Enquirer: 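Let me give you the structure first, and then I'll get to my questions.
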Amino acid sequence: MYVGRFAPSPTGPLHFGSLVAALASWLDARAARGRWLVRMEDLDAPRQQQGAADLILGTLERLGLNWDGPVVYQSLRLRDYESALEKLRLHTYWCGCTRREISDCSLGIAADGAQIYPGTCRAGLPAGKAARALRVRTDRQPVSFADRAQGPQAQILQKEVGDFVVYRADGQFAYQLAVVVDDAHQGITDVVRGADLLDSTARQIYLQHLLGYSTPRYLHVPAAVNAAGEKLSKQTGARPIDTAKPEQAIRNTLRFLGQAPAVDLEEAIANWDPSRIPRRRAIAIEDG
Ligand code: GLU
């Protein structure tokens with residue numbers, strides 16, 4: 001049984017970039033006669049916007065993107081993340097490096113723009129240093145997967161990412177950990193999301209192996225970016241979806257996804273053809 005999901009971060013109202021991920025994931029699930037779940041990724045308290053979760057849900061409803069079962073809120077699932085960390089205990093270590101120290105000793109910049117951590121604290125915290133973040137030890141074994149839209153992918157985590165954080169210095173569980181625990185907990189078989197997360201996938205598969213979870217299929221749709229190449233977001237001034245014109249929003253999103261035009265969602269499901277999704281990581285659009 002196909003189980004898909006949409007996992008927005010409630011940092012603002014739904015905009016075109018997040019609608020692309022939502023619609024692609026919804027159509028893929030409905031075309032497979034599967035279930036489609038919604039999960040609010042509300043762990044990063046400082047980035048949240050009051051009321052954004054309800055706004056997002058209201059917009060999905062207005063557009064006809066109905067979900068199955070109750071909405072899951074990550075902020076209510078801390079105990080599961082804690083037990084996952086406990087399970088990972090032999091694979092993690094405390095790191096006392098500050099941001100500044102990491103950029104001074106970094107092995108370079110990873111594909112997602114973060115510093116590549118050289119493993120300074122792997123052998124134990126240096127004397128006089130306080131524990132800040134918990135990192136998972138990586139290795140040189142390539143992690144590979146076939147993305148349904150972007151094709152074959154491979155990453156050598158130790159070289160390309162470095163030992164990565166699963167529990168942050170500010171006391172929050174890291175996205176990489178929470179997403180893996182939740183995808184497993186919700187029985188997700190198919191992750192459909194924006195290609196800005198393509199480079200996170202190897203880390204997630206690595207954690208799935210360490211935790212004994214199965215790996216879902218992945219389909220990364222092009223991320224919508226503005227003319228400057230920035231991902232649409234509240235920070236880059238993306239406009240909220242106009243819920244007064246649901247047909248227009250769906251039409252534009254289908255076009256972005258390379259799909260045939262459809263009079264309604266029923267027809268969009270019938271027409272859904274993932275092989276028509278552009279094999280690109282990002283596409284610039286005018287909005288935002
Ligand atoms: N919450 C993430 C975001 O809004 C998406 C996580 C995911 O789909 O894995 O960018």
Side-chain angles (χ1 to χ4, degrees), residues 3-11 25 35 37-48 53 69-97 102 110 112 114 117 119 121-122 124-125 130-139 141-145 155-158 160-193 196-218 220:
V3 186
R5 51 54 155 199
F6 175 51
S9 306
T11 53
S25 160
R35 285 166 55 76
L37 312 179
V38 173
R39 175 170 82 229
M40 282 296 159
E41 302 215 319
D42 58 350
L43 283 185
D44 199 342
R47 288 184 56 224
Q48 312 284 303
V71 174
V72 167
Y73 290 82
Q74 287 193 322
S75 55
L76 302 177
R77 294 195 17 81
L78 305 185
R79 208 171 298 152
D80 276 33
Y81 309 140
E82 192 62 60
S83 36
L85 279 188
E86 183 57 31
K87 253 175 111 176
L88 286 173
R89 204 156 41 95
L90 295 176
H91 304 280
T92 55
Y93 63 88
W94 285 103
C95 168
C97 297
I102 295 169
D112 65 1
Y117 184 66
C121 296
R122 249 186 189 223
L125 277 177
R132 290 170 55 84
L134 201 58
R135 290 182 184 271
V136 67
R137 231 174 267 122
T138 54
D139 60 26
Q141 204 68 4
V143 178
S144 50
F145 65 100
Q155 230 177 24
I156 296 180
L157 288 175
Q158 195 180 109
E160 297 175 61
V161 178
D163 296 347
F164 57 93
V165 170
V166 283
Y167 184 74
R168 296 171 11 180
D170 62 359
Q172 314 247 18
F173 296 98
Y175 157 70
Q176 306 292 354
L177 177 81
V179 75
V180 162
V181 172
D182 287 344
D183 284 341
H185 177 80
Q186 296 185 283
I188 303 301
T189 61
D190 288 81
V191 171
V192 178
R193 61 185 177 190
D196 49 301
L197 291 165
L198 189 61
D199 295 312
S200 286
T201 308
R203 264 169 281 179
Q204 294 172 15
I205 293 174
Y206 184 72
L207 288 179
Q208 286 155 5
H209 289 167
L210 294 181
L211 288 163
Y213 300 157
S214 49
T215 292
R217 283 179 293 264
Y218 287 95
H220 286 87

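Numbering of residues begins at 1 and proceeds along the displayed sequence. Remember, predicted model here, so these are calculated numbers, not experimental data.
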Enquirer: Rounded to the nearest 0.5 Å, how far apart are SG of C97 and CZ of R135?
Expert: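 It is 7.0 Å, given to the nearest 0.5 Å.
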Enquirer: Side chains of Q186 and R39: donor-acceptor distance under 3.5 Å anywhere?
Expert: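 Yes.
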Enquirer: If you measure from CG on L88 to CZ on R137, what distance do you get to the nearest 0.5 Å?
Expert: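 L88 atom CG to R137 atom CZ measures 11.0 Å (nearest 0.5 Å).
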Enquirer: Working to the nearest 0.5 angstrom, can you tell me the gap between C95 SG and R122 CZ?
Expert: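 The distance works out to 11.5 Å.
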Enquirer: Kindly determine whether R77 and V181 satisfy side-chain contact (heavy atoms from CB on, under 4.5 Å), including the steps that lead there.
Expert: CA-CA 10 Å; R77 294 195 17 81; V181 172; 3.8 Å; yes
Enquirer: Is the shortest heavy-atom distance from the side chain of R5 to the side chain of V179 under 4.5 Å?
Expert: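 SC-SC contact between R5 and V179 confirmed.
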Enquirer: If we ignore hydrogens and angles and just use 3.5 Å, is the side chain of D199 paired with the main-chain N or O of D112 as donor and acceptor?
Expert: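 Answer holds: no.
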Enquirer: Hey, are the side chains of Y167 and L177 touching, using non-hydrogen atoms and a 4.5 Å cut-off?
Expert: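 SC-SC contact between Y167 and L177 ruled out.
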Enquirer: Which heavy atom of A178 sits nearest to which heavy atom of L43, and what is that distance?
Expert: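 Closest heavy-atom pair between A178 and L43: CB-CD1, 3.6 Å.
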Enquirer: For I156 and P142, which heavy atoms make the closest approach, and how far apart are they?
Expert: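 Heavy atoms only, the tightest pair is CG1-CA, 4.1 Å.
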Enquirer: Closest approach of G162 and T138, non-hydrogen atoms and distance?
Expert: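 Looks like O-CG2, 3.5 Å.
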Enquirer: Side chains of D163 and Y93: is there a donor and an acceptor less than 3.5 Å apart?
Expert: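 A donor-acceptor contact under 3.5 Å links the two side chains.
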Enquirer: Any side-chain heavy-atom pair from V191 and D183 closer than 4.5 angstrom?
Expert: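 Yes; the side chains approach each other to less than 4.5 Å.
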Enquirer: Could you grab the distance from atom CG of L85 to atom OG1 of T92, nearest 0.5 Å is fine?
Expert: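 The OG1 atom of T92 is 7.0 Å from CG of L85, to the nearest 0.5 Å.
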Enquirer: Just so I know, are the side chains of S25 and R193 near enough to count as touching, which here means a heavy-atom distance under 4.5 Å?
Expert: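 Counting from C-beta outward, S25 and R193 never come under 4.5 Å.
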Enquirer: For residues T189 and P216, determine if any side-chain heavy atom of one lies less than 4.5 Å from a side-chain heavy atom of the other.
Expert: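 No; the side chains remain at least 4.5 Å from each other.
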Enquirer: My understanding is that only residues two or more places apart in sequence, or in another chain, count here; which of them pass side chain to side chain donor-acceptor pair (under 3.5 Å) with R217?
Expert: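 Only D190 meet the side chain to side chain donor-acceptor pair (under 3.5 Å) criterion with R217.
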Enquirer: Please identify which of these residues, V166, L207, I205, L210, meets the side chain to side chain contact (heavy atoms under 4.5 Å, CB included) condition with V180.
Expert: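 Among V166, L207, I205, L210, the one that satisfies the side chain to side chain contact (heavy atoms under 4.5 Å, CB included) with V180 is L207.
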Enquirer: Indicate the atoms forming the closest heavy-atom contact of Q155 with A202, along with that distance.
Expert: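 Reported closest heavy-atom pair: OE1-CB, 3.0 Å.
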Enquirer: Please report the interatomic distance CD(Q176) to OG1(T201), rounded to the nearest 0.5 Å.
Expert: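 The CD atom of Q176 sits 8.5 Å away from the OG1 atom of T201.
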Enquirer: Can you sort out the partners of Q74 under side chain to side chain donor-acceptor pair (under 3.5 Å), two or more places apart, ordered by chain and number?
Expert: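 In terms of side chain to side chain donor-acceptor pair (under 3.5 Å), with neighbours along the sequence ignored, Q74 is linked to E41, D182.
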Enquirer: For W94 and A133, work out which heavy atoms get closest and say how close.
Expert: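 Taking W94 first and A133 second, the nearest heavy atoms are CE3-O, 3.4 Å.
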Enquirer: Please round to the nearest 0.5 Å and tell me the distance separating atom CZ of F6 and atom CE of M40.
Expert: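 Going from CZ on F6 over to CE on M40, the span is 7.5 Å.
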Enquirer: Determine, step by step, whether E86 and R89 satisfy the salt bridge (Lys or Arg N to Asp or Glu O under 4.0 Å) criterion, reporting the C-alpha distance in whole Å, the side-chain angles of both residues, the deciding distance to 0.1 Å, and the verdict.
Expert: CA-CA 5 Å; E86 183 57 31; R89 204 156 41 95; 3.0 Å; yes
Enquirer: For R168, check side-chain contact (heavy atoms from CB on, under 4.5 Å) against everything at least two apart and list the hits.
Expert: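 R168: side-chain contact (heavy atoms from CB on, under 4.5 Å) contacts with D44, V165, D170, Q172, A174.
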Enquirer: Are the side chains of H185 and V72 in contact, using a 4.5 Å heavy-atom criterion?
Expert: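 When only atoms from C-beta onward are counted, H185 and V72 do not touch, as no gap falls below 4.5 Å.
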Enquirer: Do we see a donor-acceptor contact under 3.5 Å between the side chains of Q204 and Y175?
Expert: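 Yes, because at least one side-chain N or O of Q204 sits under 3.5 Å from a partner of the opposite role on Y175.
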